[in-house]
K.L.:
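Quick one: structure below, then a few questions.
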Amino acid sequence: MPEQYRKMSVNQRHRLNTNGDGSGSMDSGILNERILVLVFKSINWDIRVLCQAASVSRKLRALAKRLLWREVCVYRAPRMMSTLTNGGPNGRIGGGWHAVAKLLFFCCGCESTRHFPVAQPSPGHFVKASRFSKTSGRSFLTKKCRGDLLYVSDPCEHPRGRDVEDDLGIYRGIFRGFVKSRTRAFLIARRVELEERVRCPYCGARVWSMTTAKLVPKSAAKRLGSSDGGLEFFVCVNGHLHGTCWLIPLSSDEADTEKDDDDSGLSDDDDENSGPRRYDRTDGVGVDDQVSYDSNNSSVGDIIVEDGPAS
């Protein structure tokens, strides 16, 4: 070993090595952005693999936060992301792209709140698919706020046991441009206080209770298939929505009608007053303004965004 090199400090040796052709370069191997994008694209942006990759190191986590979460959202739900960003999906979005990706693929579960007590909490979980709808979103807006654009998912059903009729429904959503929305302006004008004990499960920000703010229209319960007063939802300062409801069991006639609607080839957006659409925990992300679709799992106008690798 050369005498000069031996006398160097550890930090000096590290800088000398990383300035060369070694593996310390940010553009080498797995940290090369082009390579990572191609790899994840080849596996249909598998959300679980991306989560695992982001937990390997701080550099990969930072890279995922800066680039990969946005890419997975744009790849898996392009029209929805274009709508939310006004056609500029490369820009920023409220709460960050990692929060949007989590909202697309993760049911947040449920715990008791002031206006919605439950016997036991329901844990969060990945979903194989969900259907996000602007029509559903309009049902969650009061008349004064109808100018806002909101996507809301169909409720994820959580059965509570054989002896309990009403299942627990958990849903989520996201506003476009929430900072400039009528909903936010209304909350601030009314000086509605932020909740002390509830945080957004997707970005960790503080939330408003729409029940406390008296901003839960009756159309929301009808849309979900719940009773009036049998639901609660929150909206965070970044515009993410999450909520719970008691789902009234569908009669056999209603179930047959829903099946007929699925087979009719009509998008849910064709009827603003259409009834409830539901997914169980293993069913399934779809967006109702898409033009491509999976004929086995959705009606025309839906696109199912699977969370597993391409078959």
Side-chain angles (χ1 to χ4, degrees), residues 73 77 80-81 83-86 92-116 118 124 130-156 168-224 226 228-245 285 287:
C73 292
M80 180 178 176
M81 295 305 111
T83 300
L84 290 173
T85 58
N86 292 314
R92 295 183 177 182
I93 195 165
W97 286 103
H98 63 291
V100 179
K102 185 176 181 180
L103 188 145
L104 286 178
F105 298 101
F106 191 77
C107 169
C108 63
C110 170
E111 294 184 353
S112 289
T113 60
R114 283 188 297 161
H115 304 292
F116 197 90
V118 293
S130 294
R131 195 182 65 92
F132 285 83
S133 168
K134 289 185 293 186
T135 301
S136 294
R138 284 196 293 270
S139 300
F140 283 75
L141 299 171
T142 59
K143 291 182 179 179
K144 294 181 180 180
C145 301
R146 282 291 173 91
D148 294 344
L149 190 147
L150 169 66
Y151 280 98
V152 173
S153 72
D154 292 330
C156 176
L168 175 66
I170 303 175
Y171 49 96
R172 57 208 192 275
I174 182 170
F175 280 83
R176 179 178 69 181
F178 183 68
V179 172
K180 299 180 180 180
S181 68
R182 295 181 182 181
T183 300
R184 181 179 182 272
F186 192 78
L187 289 165
I188 292 175
R190 281 198 170 187
R191 298 183 178 180
V192 180
E193 294 186 0
L194 293 164
E195 293 292 300
E196 291 292 336
R197 298 184 178 182
V198 182
R199 294 276 179 165
C200 176
Y202 298 106
C203 68
R206 298 187 68 182
V207 302
W208 286 284
S209 167
M210 297 295 104
T211 304
T212 300
K214 298 182 180 179
L215 287 177
V216 181
K218 293 182 179 180
S219 55
K222 179 179 179 181
R223 186 70 185 184
L224 292 166
S226 180
D228 188 24
L231 73 153
E232 181 178 33
F233 62 94
F234 302 88
V235 175
C236 80
V237 296
N238 289 314
H240 305 138
L241 178 151
H242 75 280
T244 49
C245 65
V285 172
V287 184

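In this chain, residues are counted from 1 in sequence order. Every heavy atom of this structure was used, including side-chain atoms; hydrogens, water molecules and symmetry mates were not.
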K.L.:
Is the shortest heavy-atom distance from the side chain of L231 to the side chain of V216 under 4.5 Å?
P.N.:
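Answer yes - side chains close enough.
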K.L.:
Does S209 reach the side chain of V198, with side-chain heavy atoms less than 4.5 Å apart?
P.N.:
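They are not in side-chain contact.
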K.L.:
For K134 and L149, what are the C-alpha separation, side-chain angles and deciding distance, and is it a side-chain contact (heavy atoms from CB on, under 4.5 Å)?
P.N.:
CA-CA 7 Å; K134 289 185 293 186; L149 190 147; 4.0 Å; yes
K.L.:
Which pair of heavy atoms, one from C108 and one from I170, lies closest together, and at what distance?
P.N.:
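Between these two residues, the closest heavy atoms are SG-CG2, 4.2 Å.
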K.L.:
A side-chain contact here means heavy atoms from C-beta on lying under 4.5 Å apart; do T183 and K144 qualify?
P.N.:
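T183 does not reach K144 side chain to side chain.
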K.L.:
Looking only at heavy atoms, what is the nearest atom pair of F186 and C145, with distance?
P.N.:
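Where F186 meets C145 most closely, the heavy atoms are CB-SG, 4.5 Å.
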K.L.:
Look at R206 together with E196 and state whether they make a salt bridge at an N to O cut-off of under 4.0 Å.
P.N.:
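Counted as a salt bridge, because a side-chain N and a carboxylate O are separated by less than 4.0 Å.
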K.L.:
Which heavy atom in T83 sits nearest to a heavy atom in R176, and how many Å separate them?
P.N.:
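That would be O-CD, 2.8 Å.
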K.L.:
With a 4.5 Å heavy-atom cut-off, do L84 and I174 have their side chains touching?
P.N.:
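Yes, at least one pair of side-chain atoms sits under 4.5 Å.
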K.L.:
If only atom types and distance count, is the side chain of K222 paired as donor or acceptor with the main-chain N or O of D228 below 3.5 Å?
P.N.:
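Flag not set: sc K222 to bb D228 has no pair under 3.5 Å.
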K.L.:
So, for S219 and R146, which heavy atoms are closest and what is the spacing to 0.1 Å?
P.N.:
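It is OG-NH2, 4.1 Å.
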K.L.:
Grab the two heavy atoms, one from N238 and one from G94, that are nearest each other, plus how far apart they are.
P.N.:
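Closest approach of N238 to G94: CB-C, 3.9 Å.
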K.L.:
I'd like to check E111 versus V118 (side-chain heavy atoms, cut-off strictly below 4.5 Å). Are they in contact?
P.N.:
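In short, these two side chains do not touch, never coming nearer than 4.5 Å.
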K.L.:
Is there a side-chain contact (heavy atoms from CB on, under 4.5 Å) between V235 and H240 once you walk through the steps?
P.N.:
CA-CA 6 Å; V235 175; H240 305 138; over 6 Å; no
K.L.:
Quick check for you: to the nearest 0.5 Å, what is the distance between Y202 atom OH and R172 atom CZ?
P.N.:
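Nearest 0.5 Å value for the OH-CZ distance: 5.0 Å.
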K.L.:
Going by distance alone, is a donor N or O of one side chain under 3.5 Å from an acceptor N or O of the other, for R138 and S133?
P.N.:
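Side chains of R138 and S133: no pair found under 3.5 Å.
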K.L.:
Going from SG on C203 to CG on L103, what distance comes out if it is rounded to the nearest 0.5 angstrom?
P.N.:
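Reported to 0.5 Å precision, the distance equals 9.5 Å.
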K.L.:
Side-chain contact, heavy-atom cut-off 4.5 Å: L104 with M80?
P.N.:
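Yes, side chains in contact.
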K.L.:
Backbone N or O of S153 within a donor-acceptor pair of the S136 side chain at under 3.5 Å?
P.N.:
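Answer holds: no.
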K.L.:
Could you please spell out the steps behind the side-chain hydrogen bond (donor to acceptor under 3.5 Å, both in side chains) verdict for R114 and T212?
P.N.:
CA-CA 10 Å; R114 283 188 297 161; T212 300; 3.1 Å; yes
K.L.:
To the nearest 0.5 Å, what is the distance between CZ on F233 and OG1 on T244?
P.N.:
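If I round to the nearest 0.5 Å, the distance is 10.5 Å.
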K.L.:
Once rounded to the nearest 0.5 Å, what's the spacing between atom OG1 of T142 and atom NZ of K218?
P.N.:
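Between T142 OG1 and K218 NZ, I get 14.0 Å after rounding to 0.5 Å.
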K.L.:
Where does the angle between the aromatic ring planes of F178 and W208 fall among parallel (under 30°), tilted (30 to 60°) and perpendicular (over 60°)?
P.N.:
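F178 vs W208 ring planes: tilted.
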K.L.:
To the nearest 0.5 Å, how far apart are CD in E232 and OG in S112?
P.N.:
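That separation rounds to 10.5 Å.
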K.L.:
With rounding to the nearest 0.5 Å, note down the distance linking CD1 in I188 to CZ in R190.
P.N.:
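Nearest 0.5 Å value for the CD1-CZ distance: 14.0 Å.
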K.L.:
Can you classify the ring geometry of H242 versus F234 as parallel (below 30°), tilted (30 to 60°) or perpendicular (above 60°)?
P.N.:
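If you compare the ring of H242 with that of F234, the planes turn out parallel.
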K.L.:
May I ask you to test the D154-F132 pair for a side-chain heavy-atom distance under 4.5 Å?
P.N.:
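They are not in contact (no side-chain heavy atoms under 4.5 Å apart), so the answer is no.
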K.L.:
Would you mind reporting whether V100 and M81 have side-chain heavy atoms less than 4.5 Å apart?
P.N.:
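With C-beta onward as the side chain, the pair touches.
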K.L.:
Determine yes or no for a side-chain-to-main-chain donor-acceptor pair under 3.5 angstrom, with S139 supplying the side chain and A220 the backbone.
P.N.:
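No, because the side chain of S139 does not come within donor-acceptor range (under 3.5 Å) of the backbone of A220.
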K.L.:
Got a sec: does the CD of E195 have more than 12 other heavy atoms crowding it under 6.0 Å?
P.N.:
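Atom CD in E195 is packed in, count exceeds 12.
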K.L.:
Judged by atom type as modelled, is there a donor-acceptor pair below 3.5 Å linking the side chain of D148 to the main-chain atoms of S181?
P.N.:
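Judged by distance alone, no pair lies under 3.5 Å.
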K.L.:
Closest approach of G230 and S226, non-hydrogen atoms and distance?
P.N.:
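Closest approach of G230 to S226, heavy atoms only: O-OG, 3.3 Å.
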